[in-house]
Chemist: 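Questions regarding the structure given below will be posed in turn.
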Amino acid sequence: NAGVTQTPKFRVLKTGQSMTLLCAQDMNHEYMYWYRQDPGMGLRLIHYSVGEGTTAKGEVPDGYNVSRLKKQNFLLGLESAAPSQTSVYFCASSRRTRNTGELFFGEGSRLTVL
Amino acid sequence: SQKIEQNSEALNIQEGKTATLTCNYTNYSPAYLQWYRQDPGRGPVFLLLIRENEKEKRKERLKVTFDTTLKQSLFHITASQPADSATYLCALGSGGGFKTIFGAGTRLFVKA
């Protein structure tokens, strides 16, 4: 049982380049999320999805786009990377429930933008 | 704005002692509070959830308290072990997981 899998785990980009982070979950969860984690700050929600074909903005959505074409996959795109997007990105998933919101996280993708 | 505060300084304790971590929050009325463990280079892992109408929750060597009047949660690890060394994140939520907000975490070091 893999849980939540993120690829790639590491990536170095130059300013202005584009890339896509892939997240896959095998738990049949309805909800999926992309967070970024920066030193001294809590995890911040970038975008999320409550079901296949739907996405919504989180706390820090600027500079990112997402797509959820299949229930098990959630893609995070950077169209024109900036140094401020250097961070560790975490994908997470959860069941559709109002009462717990327990999140299952991937191992993270470390992105450096030069 | 909503804010969660966890002690940014690392907590160093001796093996066998009880570790106590604090989570304070403002401008939020959570339906529940969660604690996660995060090891270096890994993703957070869910540990415990306590709801707004619960005062205390236990799971093995872990105990969480939740005081909605003080807007504070305490996370205790009894009989701590070096394997408990990690960063512990506090998270508040209401409704679905997309409404969860996280604290920056407190690093715990348990010395043998």
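Chain A is the first sequence line, chain B the second, and so forth, proteins listed ahead of strands; every chain is numbered from 1. Remember, it's a predicted structure, so these values are computed and weren't measured experimentally.
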Chemist: For the candidates B:G41, B:A104, B:C90, B:S8, which exhibits the highest count of non-hydrogen atom pairs separated by less than 4.5 Å from chain A?
Modeler: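 Ranked by contacts with chain A, first place is B:A104.
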
Chemist: Highest number of heavy-atom pairs under 4.5 Å with chain A: which of B:A91, B:P44, B:G105, B:G103?
Modeler: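 Highest number of heavy-atom pairs under 4.5 Å: B:P44.
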
Chemist: If you group Ile, Leu, Val, Met, Phe, Trp and Tyr by side-chain heavy-atom gaps below 4.5 Å, do B:Y88 and B:V110 land in one group?
Modeler: yes

Chemist: Which region of A:V50, side chain (C-beta onward) or backbone (N, CA, C, O), has a non-hydrogen atom less than 4.5 Å from a non-hydrogen atom of chain B, or is it both or neither?
Modeler: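 The side chain, not the backbone.
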
Chemist: Do you reckon A:Y33 sits in the same ILVMFWY cluster as B:F46, going by side-chain contacts under 4.5 Å, direct or chained?
Modeler: yes

Chemist: Taking atom CZ as the centre, does B:R42 end up with more than 12 heavy-atom neighbours from other residues, nucleotides or ligands that are less than 6.0 angstrom away?
Modeler: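 Not more than 12 within 6.0 Å, no.
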
Chemist: Any idea which heavy atoms bring B:G43 and A:E107 closest together, and the distance?
Modeler: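 Scanning both residues, the minimum pair turns out to be N-OE1, 3.3 Å.
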
Chemist: Do A:L13 and A:I46 belong together in a cluster built from hydrophobic side chains that touch within less than 4.5 Å?
Modeler: yes

Chemist: Does some side-chain heavy atom of B:F102 sit less than 4.5 Å from a side-chain heavy atom of A:Y35?
Modeler: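 Touching, per the 4.5 Å side-chain cut-off.
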
Chemist: Atom CG in A:L45, atom CD1 in B:I101: separation rounded to 0.5 Å?
Modeler: 11.0 Å

Chemist: Say you draw a straight line from OG of B:S1 to CD of A:E59; how long is it, rounded to the nearest 0.5 Å?
Modeler: 9.0 Å

Chemist: Is the number of heavy atoms from other residues, nucleotides or ligands within 6.0 Å of CD (B:Q14) greater than 12?
Modeler: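 Yes, the 6.0 Å shell around CD holds more than 12 heavy atoms from other groups.
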
Chemist: Sort B:Q38 into side chain, backbone, both or neither according to what part of it lies under 4.5 angstrom from a heavy atom of chain A.
Modeler: side chain

Chemist: Can you tell me if A:E79 has over 12 outside heavy atoms packed within less than 6.0 Å of its CD?
Modeler: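 Count not over threshold, so no.
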
Chemist: Is it the side chain or the backbone of A:Q6 that comes within 4.5 Å of chain B heavy atoms, both, or neither?
Modeler: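 The answer is neither part of A:Q6.
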
Chemist: I'd like to check A:L103 versus B:Y36 (side-chain heavy atoms, cut-off strictly below 4.5 Å). Are they in contact?
Modeler: yes

Chemist: Shared ILVMFWY cluster between A:M19 and A:V113, side chains joined below 4.5 angstrom?
Modeler: yes

